[in-house]
Amino acid sequence: MEKREALSKERLIWMYTQMLRIREFEERIKRTFIEHPGAIRGHSHLADGAEASIVGSLATRNETDLAMPTYRCHGYPIVLGSPAKKIMAEIYGRKDGLCQGYGGSMHLSDPAHHFPGTSGIIGQSIAHATGAALTAQVKKTGQVVYCFFGDGASKQGAFHESLNMASVWKLPIVYILENNGYQVYTHVSLEDANEAAGDPLSQKAQAYSIPGVTVDGTDVLKVYEAVSTAVERARAGRGPSLIESKFYRFSAHGNAITVPPVPTQFPEHEAIETYGRKAEYAAARARDPILQFRAKLTGNSTLSDEAAKKIEEGVRAEMEEVVQFALKSPFPAPEDALKYVYA
Amino acid sequence: MEKREALSKERLIWMYTQMLRIREFEERIKRTFIEHPGAIRGHSHLADGAEASIVGSLATRNETDLAMPTYRCHGYPIVLGSPAKKIMAEIYGRKDGLCQGYGGSMHLSDPAHHFPGTSGIIGQSIAHATGAALTAQVKKTGQVVYCFFGDGASKQGAFHESLNMASVWKLPIVYILENNGYQVYTHVSLEDANEAAGDPLSQKAQAYSIPGVTVDGTDVLKVYEAVSTAVERARAGRGPSLIESKFYRFSAHGNAITVPPVPTQFPEHEAIETYGRKAEYAAARARDPILQFRAKLTGNSTLSDEAAKKIEEGVRAEMEEVVQFALKSPFPAPEDALKYVYA
Amino acid sequence: MPREMMYAEAMATALVEEMKRDSNVIFYGQNLGMTDRDPMVRQFGKERVRITPISETAEMGIAVGAAMTGLRPVVELWMSEFMLVAMGQVLNEAPRIRYMTGGQVKVPLVFKAGYGFAAGWAGQHSNCIYHTMMGIPGLKVVLPATPADAKGLMAAAIRDDNPVVYLHHYMLTIDKGPVPDGEFVIPFGVADIKRAGSDVTLVATGWMVKHSLAAAETLAKEGISVEVIDPRTIAPLDVQTILTSLKKTGRLVLVDQATRHASVSAIIAAEVVEHGFELLKAPVKFVTALDTSIPYSEPMEKFVLPDEAKIVRAVKAVLGK
Amino acid sequence: MPREMMYAEAMATALVEEMKRDSNVIFYGQNLGMTDRDPMVRQFGKERVRITPISETAEMGIAVGAAMTGLRPVVELWMSEFMLVAMGQVLNEAPRIRYMTGGQVKVPLVFKAGYGFAAGWAGQHSNCIYHTMMGIPGLKVVLPATPADAKGLMAAAIRDDNPVVYLHHYMLTIDKGPVPDGEFVIPFGVADIKRAGSDVTLVATGWMVKHSLAAAETLAKEGISVEVIDPRTIAPLDVQTILTSLKKTGRLVLVDQATRHASVSAIIAAEVVEHGFELLKAPVKFVTALDTSIPYSEPMEKFVLPDEAKIVRAVKAVLGK
Ligand SMILES: Cc1ncc(C[n+]2csc(CCOP(=O)(O)OP(=O)(O)O)c2C)c(N)n1
Ligand SMILES: Cc1ncc(C[n+]2csc(CCOP(=O)(O)OP(=O)(O)O)c2C)c(N)n1
Ligand SMILES: [Mg+2]
Ligand SMILES: [Mg+2]
C-alpha cells in the first residue's frame, strides 16, 4: 500500500492540543469531586493516559466516520468536536448536557458529531459498533466505524461473536482494544490467557482470521500509523482488524463507589492501592503520552516552547469556562423524567 | 512425551463394536419414526457419522473421567456403559428411561456412568463442562473432562469465555470441537471466519494460548492419538487443549420440526435438500468411519470376516431388544410431573 | 379482500410487504437465506437478507447498533429461550438507549421468536418467557394469536420506532384463518374481543386463546356466556377493554401458558385489583402452567399445561358452579 | 448474643462461616482475591477463592457444572444487570437440570448480586430485575432488607441444595443493625413482620422496607397503624402471612422499587385477589417506580422512584383519607 502523506504541522499541533484538552478535562472532573462534592453522581471513568491512543486513532477519521466507545467515553467527543461544556454539563446532570442529564458520564452521546452512544455493560457496545458498520455496508455510506473497548472486555462473549461476524461479513470496522493493564482491580495477567502465557492480546485476531497488531499506545504517531492501515483495509471492503493499543490508565478505574451521602472521589491507582506496585506506576507516568509528544514536537521544532505554553494556557482557560458553564447550567425538571421513553 | 503403548486386539475390537452399537442405535431411532409414529416427540439428533470421533475420544478415558456432550448425546452413554435400553426408553418418554422420561433425547444424563448431563442451548454446556473440570481441580480427583460440542457452538460467547478461563486456570479438560460441516442448514463456510478464510477451526486455540489441532474424525485411531495427547497434558496439570475433529453428519440435523399431530421423521441431509450437493454427500458416505475401521481391522487380520459378522449380528440383536424394551416400558404417571422440581 | 392463510405465512407476508415498502428494513438470523435460490434472497438480495452464526449476543447487539444508525433490522431468533443467552441486549440495551441519550437516538428493530412449543421439546425449549419483558420501559411486546393478528402486528412492529419483541406461538404455526390483503396494520395496545359474552370475562394470549375459545364454545352449550379477550400486545397492555368487560360480567378468569408467577395473568390481576376492584363479584381465577419445568414425556407435559377442560372448570368455579 | 454490624459485613460473615463449615463451598467472581494478602485468600486459599475475567456466561455456567459435580459455588456478580448478558444460565440452565435429569443431579449454588443502586448510576446499573426470576420452578430468590436477614439468608442460600439468586440492595450496604453471632439460618419462604400494625397491611422488600418503616413511623404520629411485611424471599413467596395480616386490616399497600409490571407487588396482588379477595375492604394501592428507565440527573431520578412521601400518600388513599 502506498505510503500515506506526512501529517502537516497544523495537524500535529491539533493532535497535541486535543491530547491536552482530554487531560485537562479529566483533571477538572477529578477536582470537581473535591471542590464540588455531590456535583457528579454515580460512576465516572477517566481517559488520562489514553490521550495518544484516542487522538492517534481519531486523527485518521474521515469526516463522517463513527466512534463507538464504552462508558469510559469523555475523551472521544472532545476530539470529535462536541462542545466540551455540554459534555461537562451532562456529567454534572444538567439540562444543557449532551443528553439533557438523562445519561451522565457513562452514557454520553452526540450523533451530530458522529458519536451514536455507549453501553455501560461490558462488551455490549462492541456488538453495537459492529451493527453501525453493518449500516455503513448496507447503505454504502463509505463510513468506517471505530470500536473502542478495554482489555477486560475482550473476555466477554460479545467480543468473540462480534469479531467473527464482522470478519465473515467483511464489515468496515476497526476494533481498538485499549489495553491499559487493568480491569478495575484486576491486572490483565490474572484474567487473560494470552497475557498469562506471555503472548500479545492481539493474537486473539487469529480466531477470526483477521490482522492483529499490538502498538505502543503512548506514541500518538505509532497509533496513527497502525490505525490508518486498518482503516484503509476496512474502507477498501477487506474487513475488520484488531489493534491492541497498550498504554496505562493514570487514574483509578473510577471514583470510589459509595452510598450517598458518603462523599466520593478518585482513590489511588489500583497498582499501588491493591498491589503495592509503586515502581510500575512511576514507570508508566514517566512514559506520559503527552510529555512524549511534547518532547518530539519541540525537539523537531514543530512547536516552540512559547507556542506550547500558549496552547496549554488556552486549554486551561477553556476548561475553566467549561466547568463554570456546567456549574451554572440548570437541572432538568423532575417531571422531564417522563420524556423520551418511547419514540 | 514417551510413546504410549499400542491398543490391544481386544480393545480394538471393543472400539469397533461400540462404533457399530452407536450406528445401529441411531438407525433404530430413525426407523422408530416410521414404524411407531409419535413414539418419539420433540427433537432428536443423531450421531451417525460421528462414531470414530466419539469412540476414539472416549477410548482414552480413565475409569472416572467425565463426558459432557450436547443435546446430540445418544452416542456417548452407549460407549460409557449406560444400558442402551434405558437410553432408548428415555427417548420414548418412558418410566424406565435414564431420566424417567423427564429429559428425552436432548437431555440424557447418567451420573453413575460419568455423564452428568447436557444442555439443549448452544454453547452453555461448554461452560458446564469447564465447571466439572473446576471440581476435578479443586477436589484433586485426577479426573479429566471431555467436552464435546459442534462447529456451530464455537461461535457462541460461552465457548470464548470458557476456553479463556480454562486456560488461565489450567483446568483438566479437553475441548473436542466436532466439525461435522454443518449447523442445521448452515454450512460452516457461511458462519465461521476461519473456515471462510481457508484456515482450520482449531486456529481458535490461539486466542487462548493453548494447543489446537485438527484431526480426521473419521479415523478412530487418529482421533485416539490426538485426544490421548490432550488428555495427558490435561492430567499433568498443563491445562486444556482444543481438538477439531472433522467428520460428516450422515443424517439430517434432526427429525423434521412439525406441529402435532403432523407426523415427523428424518428428511434428506441438508447438503442435498438445501444445497443440492449430492456429490459432497456421496463422498462423505464413501469415507464412512465404520467401513474404514472394519477394512483396517480385517486388512491387518485383527478381525476375521466371520468375527465381524458375528459382532454385527450381536449388535443388531441387542438393539432389537432395546427397542422392544422401550416400547414395552410404561409411561410415567401424569402427576409424577410434580416431582424433582426442588432438591 | 381477506384470504385464508396460515399463521406462519401471514407473518412472512407482512415481512415481505414491509421490506418492499422500506429499503431500510433488513432481515437476518440463523439458518435462513442459505443460498441464492432462497425466495427472500432472490427478492431482496444478500445485503438485506443474511444468515448468521449461532451468536445471539452479536445478532441482537448488531441489530441495536444498526437501528441506532438508520436501519430497521428484523432478527429471526427462532425459539425465545435462545434470547436468554443475550438478554441484556433485549432488556438493558435496546430499550434504554433512546432514554439515556435524551431522545437523540432511536432504536427501531424487531426481535422475532417463537415460544411455547408444547410438543415434547422438554425443559429448555417449551417455555414462556414474556414475563421477563414486561415492565421494561422502552420495550414493546407482541403475542399474536391468529393469522390476521400475526400479519397486522408484524407490520406494526416493523413500522414502530421502538424495539419490539414479536413472539409467535409454535403451536399455532400451521393454523389457518382469514387475513386481509395488502396494507393491514394493527395498532399496539388495543385488545381484541375474540368472542363476545356476558357471564364471565376471560383473558388469554397466544395458544391459550384457541383453548379458551374452545372452552367458551363448550360452555355456551351449557348456557354459560364467556367473553374472550386477547390483549395481543402485553406491552403496552390494554387494561381498559378488560375493565369494560368486567362492568358487564363482574367475573374474571385469566388463562396463561406460563407459570403463575411468570404470567401476564398476574399482571392483569394486579391492574384489576387496583382499578377494577369494585367491578369484581368473585375472586379472580387463574389457569396457568403448574410450577414445574416442562417435562418431556407426554402424560406429564399435558398434566402441567392449561387445556380446555381446566379452563371450563375455572369458568364454572368463578360462577360458583 | 447479637452484635451491631453493617449489612455488607453480615453477608460476608455468613459466607466465611459457611466456607469454614463446608470445604465444598467455593467463592469466585470479578475483582476479588487479587493478591495473597486478600483476607479471603489468606483464610481459604487460591483454590477456593478465585478471581475471574469479565465472563458472566462462563462464571455462572462454570458454577452450574461445578455444582453438578459436587462443589457448592458462590459467585459474586456485583450488579444484577450483569447477569442479563448470561441470563440463560440463571433461568434456563441452573433451575432446569435437576428436573430434566429426573432428579439424578442437583445444582447447589448461589448467584450473589447487588441491585437498585439509586445513586446516579443511570439507565443500566440501577434496575430491579427480580421479576425475571419469579415463576421459574427450581430457582429460589432472596432479597434481604436488614443486616440480620442478610446473614441468615446467605447461610440458608449456601446450604440450600438448589440454585439460589441472592440479591442484596446497594443502598443498604452500610446500614447497621443487630446480627446474631454464630450459627444463624433463616428458612426460605417465611415472611418477616418488620412492624406490627392494625389499620393497613404494607408489603415491601429490600430498600423499600426502610422507606416503608419510615412512612409507618410518620403515619403512627397521625394515629394510623401500618403493618409492614417483608417476604424476604420472593421464590418461594410467603402469601399466607400477608393474608393473615389482611384478616386484621382488610387494606393492602404494595411498595416496590421496580416498575409496576416488573414488580413483586403485582405477583402479590394476583395471589391476594384470588386467595384473599373477601378480605379486601378497598382496592389495593401500588407504590412502584414510574414507567421510565432510571435517569441520571438527581431531580429526575428521585421523581421516578418510590419514597416515604409517596408511601404515606398511598396508605392514606387506601384508607380513603
Ligand atoms: C457485563 C458486565 N460485567 C461487569 C461490569 C462491571 N465493570 C464495569 S467497568 C469494568 C472493567 C472493564 O475493564 P476494561 O474492559 O479493561 O476497560 P477499562 O475500564 O480498563 O477501560 C467492569 C468489570 C459491567 N459493567 N458489565
Ligand atoms: C443459543 C441457541 N441458539 C440456537 C439454537 C438452535 N440450535 C439447536 S442445534 C443448532 C445447531 C448446532 O450446530 P453445531 O454446533 O454445529 O452442532 P451439531 O448439531 O452440528 O452437532 C442450533 C442453531 C440453540 N439450541 N441454542
Ligand atoms: Mg482495562
Ligand atoms: Mg455441526
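Residue numbers start from 1 in every chain, and the chains themselves are labelled A, B, ... in the order their sequence lines are given, proteins ahead of strands. Quick caveat: nothing in here was measured; it's all calculated off a predicted structure.
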Need one label for [X]: side chain, backbone, both or neither, based on atoms under 4.5 Å from any heavy atom in chain D.
X        : value
A:Pro332 : both
A:Thr258 : backbone
A:Glu270 : neither
A:Ala153 : backbone
A:Tyr342 : neither
A:Val188 : neither

Do [X] and [Y] have side chains that approach each other closer than 4.5 Å (heavy atoms only, starting at C-beta)?
X        : Y        : result
D:Tyr296 : A:Arg41  : yes
D:Met300 : A:Tyr102 : yes
A:Gln156 : D:Glu56  : yes
A:Leu338 : D:Phe303 : yes

Contact origin within [X] toward chain A - heavy atom pairs under 4.5 Å:
X        : answer
D:Tyr170 : backbone
D:Thr35  : side chain
D:Ala58  : neither
D:Asp291 : backbone
D:Glu301 : side chain
D:Leu290 : side chain

For [X] and [Y], work out which heavy atoms get closest and say how close.
X        : Y        : value
A:Tyr185 : D:Met34  : O-CG, 3.4 Å
D:Pro53  : A:Glu191 : CA-OE1, 3.1 Å
D:Trp121 : A:His43  : CH2-ND1, 3.2 Å

Tell me whether D:Lys194 at atom NZ has more than 12 heavy atoms from other residues, nucleotides or ligands lying less than 6.0 Å away.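 Yes, the 6.0 Å shell around NZ holds more than 12 heavy atoms from other groups.
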More than 12 foreign heavy atoms under 6.0 Å from NZ of A:Lys278: is that the case here?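 Counting other residues, nucleotides and ligands, NZ of A:Lys278 stays at 12 neighbours or fewer.
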Gap separating the CD1 atom of D:Ile54 from the CD1 atom of A:Ile121, nearest 0.5 angstrom: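 One gets 11.0 Å once the value is rounded to the nearest 0.5 Å.
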What distance do A:Thr118 atom OG1 and D:Gln124 atom CD have between them, rounded to the nearest 0.5 Å?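 With rounding to 0.5 Å, OG1 (A:Thr118) is 7.0 Å from CD (D:Gln124).
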[options]: which one forms the most heavy-atom pairs within less than 4.5 Å of chain A?
options                               : result
D:Ala118, D:Ala119, D:Pro295, D:Ala86 : D:Ala119
D:Glu81, D:His125, D:Met171, D:Glu298 : D:Glu298
D:Ile51, D:Thr52, D:Ile294, D:Val304  : D:Ile51

As a quick check of understanding, evaluate side-chain contact (heavy atoms from CB on, under 4.5 Å) for D:Thr292 and A:Tyr340, giving each step before the final call. CA-CA 9 Å; D:Thr292 74; A:Tyr340 306 131; over 6 Å; no
With distance as the sole test, does D:Ser297 use its side chain to make a donor-acceptor pair with the main-chain N or O of A:Arg94 at under 3.5 Å?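 No.
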Do you know which of A:Val341, A:Asp336, A:Thr186 has the most heavy-atom pairs under 4.5 Å to chain D?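 Looking at each of A:Val341, A:Asp336, A:Thr186 in turn, A:Thr186 comes out on top.
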With chain D as the partner, which of A:Ser119, A:Gly38, A:Ser154 has the greatest number of non-hydrogen pairs under 4.5 Å?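 Winner by heavy-atom pair count: A:Ser119.
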Donor-acceptor side-chain pairing of A:Gln183 and D:Gln30 below 3.5 angstrom: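 No, because no side-chain N or O of A:Gln183 sits under 3.5 Å from a partner of the opposite role on D:Gln30.
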